[in-house]
Number of protein chains: 2
Amino acid sequence: MSESKIKNMAEFASVSGISRPTISKYFNDPSSVRATIRTRIEAALEEHDYRPNIYAMNQNRRLTKNIGIVVPYLSDPFFAEIARNIEQRCIAAGFWPTLFSSHGSRDLECNILDSLRSLKPAGVLFAPLGRASDRSVIEKFCKDVPTVLFDSDLEGIGAAFVGSDNFSFVAQSVEYLVRSGAPPCFFEMRTPANPNANKRRKAYISIMERLGFEPDVIKVDGEGWAFEDIGYRGAMRVLSEDTLASDTVLCSNDRLAIGFLAAAFEKGIRVGREPDSALRVAAHDDHPFSRFTCPSLTTVAHDYEAVSNRSVETLFELIEGGGRLTSRTEKLFEARLILRASA
Amino acid sequence: MSESKIKNMAEFASVSGISRPTISKYFNDPSSVRATIRTRIEAALEEHDYRPNIYAMNQNRRLTKNIGIVVPYLSDPFFAEIARNIEQRCIAAGFWPTLFSSHGSRDLECNILDSLRSLKPAGVLFAPLGRASDRSVIEKFCKDVPTVLFDSDLEGIGAAFVGSDNFSFVAQSVEYLVRSGAPPCFFEMRTPANPNANKRRKAYISIMERLGFEPDVIKVDGEGWAFEDIGYRGAMRVLSEDTLASDTVLCSNDRLAIGFLAAAFEKGIRVGREPDSALRVAAHDDHPFSRFTCPSLTTVAHDYEAVSNRSVETLFELIEGGGRLTSRTEKLFEARLILRASA
DNA sequence: ATAAAATATTGACGCGCGTTAAAATTTTTT
DNA sequence: AAAAAATTTTAACGCGCGTCAATATTTTAT
């Protein structure tokens, strides 16, 4: 490798013996130049390790190759995993993804959208906070920037939504629990942060009624995103007061269940599907940690792969379509029951 | 708010009645213009919501306001929390942080550094993979870009290192365990990904010897970053074969312990510090989930706040010093014992 | 009020690259 | 081998902003 530092495209053009516009074309799309030229450029690249200045590149292009990924809470490994998956796919497609987390804060979510705007991204994959989101700010953003919502839907906002079918989650868990024991009560936060929680509650009620059982929704107090803690405190109270009408508890999500199981353990209450257990606990999401709860958590899994795949594909279609799709599509993927020891 | 869209700084200068160079100065540092001018600019900003083009801004500036944050594995909530903390501090200081995760991959780590280079960041906060890192690539990167390492040290690389004192972790856990029961064996991965693990093992051995006990290191197989699973499998084997020489197990880190506790539970082995328990388990890190293990995990906590604070402060000094510090500093913060139910 | 210091304005250039039109070259077709 | 098609080269402009020097204006000190 030559020691001379190349500082701009013109210089690189002259050392490689190829004209600057052609070099420029190459960097925008290597397949747009003839193979002979391409190999010559790539040989020169080996020699001199020049890289175009991304700021100059993006300054006039109407569309950058940037993609924004926004999740509500990155400390939740569930979102970290989804983000990672999406990120990889964007990179593979030649985009430059940037990851943002709203950290559960409405203001931060707005600020992120603001920053994102000045990044002039080709598109954005956005999992909103939900209830805490500033709907009007997001709506305005989505009008200006091609955006696909995922995980959590804001009706009518964004060019498309990709997520999991909450009804399918609850159908599978409730039907399994009923089939294998007593009908479950439903354990959730009083004011859930996320619209999925509301859909799950509604699904629970409707499925229970369809099966001819009385729905029993237990709402526990707590704000924010410390779900494990909220589940733990709620369970401690419920278990102490011994107000549980059913020996089967279906938690709205795994993180609540993690807290619930910790409380049950502390109370010395045996959880599981063996005859000598006092309680069965199941939940939804198949959180990365739910394999390691005690007992391991019976849950219903998202089709992670499918959701992240489809989100990215939809965004690419949107980008190729110049930021518009014929109509707003909503794709919901089926969930899959994961039988473990807790129920 | 006026409906006319302002498309560049010259236009904004004319509508606000202030010259373009002054506007430019304002955006680079609002305090560098007179108060009267500042309020006039800010009034105009309210009126017209203009924002400078970040690409044009960064193209000629020798130093951008970007800061890169690189962590080895974002799906680990420990790193997610640290990253979030650091991110907030950078924003508060007027920088533009961008978060990257190596996802445990050597190649990805190199690619990230490569991308980071073209972002021309003012500085980088970097927690390397450790053993899997490509030392020479990182060394080269750190020569070009002002970088502070945190969490995991690569000796001699980067302008400074900020982390936790592994000796202090192990001193506290071992001394507590010895004081309150039998001396612990040490449970770890055979080939740890992270230099901290090696330091902890060495500390364990030296502290045990100092206290007059025979060190007993149990190494379990497994590669990668699925620590819980590795801990689980290792514990299943150890507990099945009943080869544990001590009734007290000190895990190298909490994530291994989470797997260990899951295995113990599955085996029906009672863990805790009560007299009727068969085993005590403790670990290090105070992982966000260790409050919710069964039983809750006795561990030793990082001083998160201090580490992220100092990392950021050190980077700011480095940036203000033009990318050079007088000498490479290594700051290690003390750890704090967290007594819970498992030991 | 006047002088000195600080700050703002005017006018202009440069950064590195995208992009375009016309001319030159290469490749493909016939 | 000649004509047609595709690609590259040459030359030049523009993007939005940083920055600088000379000048004008405002603020502070005397």
Side-chain angles (χ1 to χ4, degrees), chain A residues 4-45 48-66 94 96 115 117-122, chain B residues 4-45 48-66 94 96 115 117-122:
Chain A
S4 59
K5 295 269 165 20
I6 278 145
K7 37 179 253 297
N8 59 36
M9 197 178 271
E11 218 168 272
F12 179 70
S14 78
V15 301
S16 64
I18 290 169
S19 74
R20 193 173 71 72
T22 304
I23 306 274
S24 173
K25 264 192 92 183
Y26 169 85
F27 277 111
N28 284 320
D29 176 9
S31 72
S32 72
V33 302
R34 258 200 300 253
T36 53
I37 297 280
R38 187 160 58 242
T39 53
R40 281 172 60 199
I41 293 178
E42 274 153 9
L45 236 31
H48 300 93
D49 100 305
Y50 158 77
R51 300 192 55 165
N53 179 314
I54 53 165
Y55 299 108
M57 275 183 60
N58 284 330
Q59 134 175 39
N60 299 314
R61 236 215 282 271
R62 10 197 309 271
L63 230 50
T64 67
K65 283 277 188 179
N66 295 325
W96 180 305
S115 304
R117 220 188 267 273
S118 48
L119 265 182
K120 300 186 195 304
Chain B
S4 59
K5 294 267 162 29
I6 277 143
K7 36 180 255 297
N8 59 35
M9 196 178 273
E11 219 169 271
F12 178 71
S14 78
V15 302
S16 65
I18 290 170
S19 73
R20 194 174 68 73
T22 304
I23 306 274
S24 173
K25 266 192 90 184
Y26 169 84
F27 278 110
N28 284 320
D29 176 9
S31 72
S32 71
V33 302
R34 256 198 305 253
T36 53
I37 297 280
R38 187 160 61 241
T39 53
R40 280 172 59 199
I41 293 179
E42 274 153 10
L45 237 30
H48 301 93
D49 100 306
Y50 158 76
R51 299 193 56 166
N53 179 313
I54 55 166
Y55 299 108
M57 273 184 61
N58 285 329
Q59 132 178 36
N60 299 315
R61 235 216 283 270
R62 12 195 310 271
L63 230 51
T64 67
K65 283 277 188 179
N66 296 325
W96 180 304
S115 303
R117 220 188 266 273
S118 47
L119 266 182
K120 301 187 194 303

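Per chain, numbering begins at 1; letters A, B, ... match sequence-line order.
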Problem - Test item: side-chain donor near acceptor, Tyr26(B) and Glu42(B), under 3.5 Å - result: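 Yes, because at least one side-chain N or O of Tyr26(B) sits under 3.5 Å from a partner of the opposite role on Glu42(B).
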Problem - Along DNA chain D (nearest heavy atom to each residue), the more 5'-positioned of Thr36(B) and Asn53(B) - result: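 Residue closer to the 5' terminus by nearest nucleotide: Asn53(B).
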Short side-chain to backbone donor-acceptor contact, [X] and [Y], under 3.5 Å:
| X | Y | result |
| --- | --- | --- |
| Ser16(B) | Phe12(B) | yes |
| Arg38(A) | Pro30(A) | yes |
| Ser32(A) | Asn28(A) | no |
| Thr64(A) | Lys120(A) | yes |

Less than 4.0 angstrom between a side-chain N/O of [X] and OP1 or OP2 of [N], yes or no?
| X | N | value |
| --- | --- | --- |
| Tyr55(A) | dC15(D) | no |
| Tyr26(A) | dG18(C) | no |
| Ser24(A) | dC17(C) | no |
| Asn28(B) | dG18(D) | yes |
| Thr22(B) | dA8(C) | no |
| Ser19(A) | dT8(D) | no |

Whole-Å distance between [N] [atom2] and [X] [atom1]?
| X | N | atom1 | atom2 | value |
| --- | --- | --- | --- | --- |
| Arg38(A) | dT7(D) | CZ | P | 12 Å |
| Lys120(A) | dC17(C) | NZ | P | 19 Å |
| Arg20(A) | dT20(C) | CZ | P | 13 Å |
| Asn8(B) | dG14(D) | CG | P | 14 Å |
| Ile23(A) | dG18(C) | CD1 | P | 11 Å |
| Arg61(A) | dG16(C) | CZ | C1' | 13 Å |
| Asn60(A) | dC17(C) | CG | P | 12 Å |
| Ile54(B) | dC15(D) | CD1 | C1' | 15 Å |

Exercise for the section: Among dC17(D), dT9(C), dA8(C), find the nucleotide with the atom closest to the side chain of Met57(B). Expected result: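 Shortest atom-to-atom distance from the side chain points to dC17(D).
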Handout entry: Among dT27(C), dT10(D), dG16(D), the nucleotide that comes nearest once only the side chain of Arg34(A) is considered
Key =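 That would be dT27(C).
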Practice task
For Gln59(B) and for Pro21(A), find the nucleotide of DNA chain C with the closest heavy atom, then tell me which residue's nucleotide is more 5'.
Solution key: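 Checking each residue's closest nucleotide, the 5'-ward one belongs to Gln59(B).
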Exercise for the section: Could you check Val33(B) against Phe27(A) and say which one's nearest nucleotide on DNA chain C is further toward the 5' end? Expected result: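 The 5'-side residue here is Val33(B).
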Exercise for the section: Have a look at Phe12(B) and say if it touches a base, only the backbone sugar-phosphate, or nothing, with a 4.0 Å heavy-atom cut-off. Expected result: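 Phe12(B): no heavy atom of the nucleic acid under 4.0 Å.
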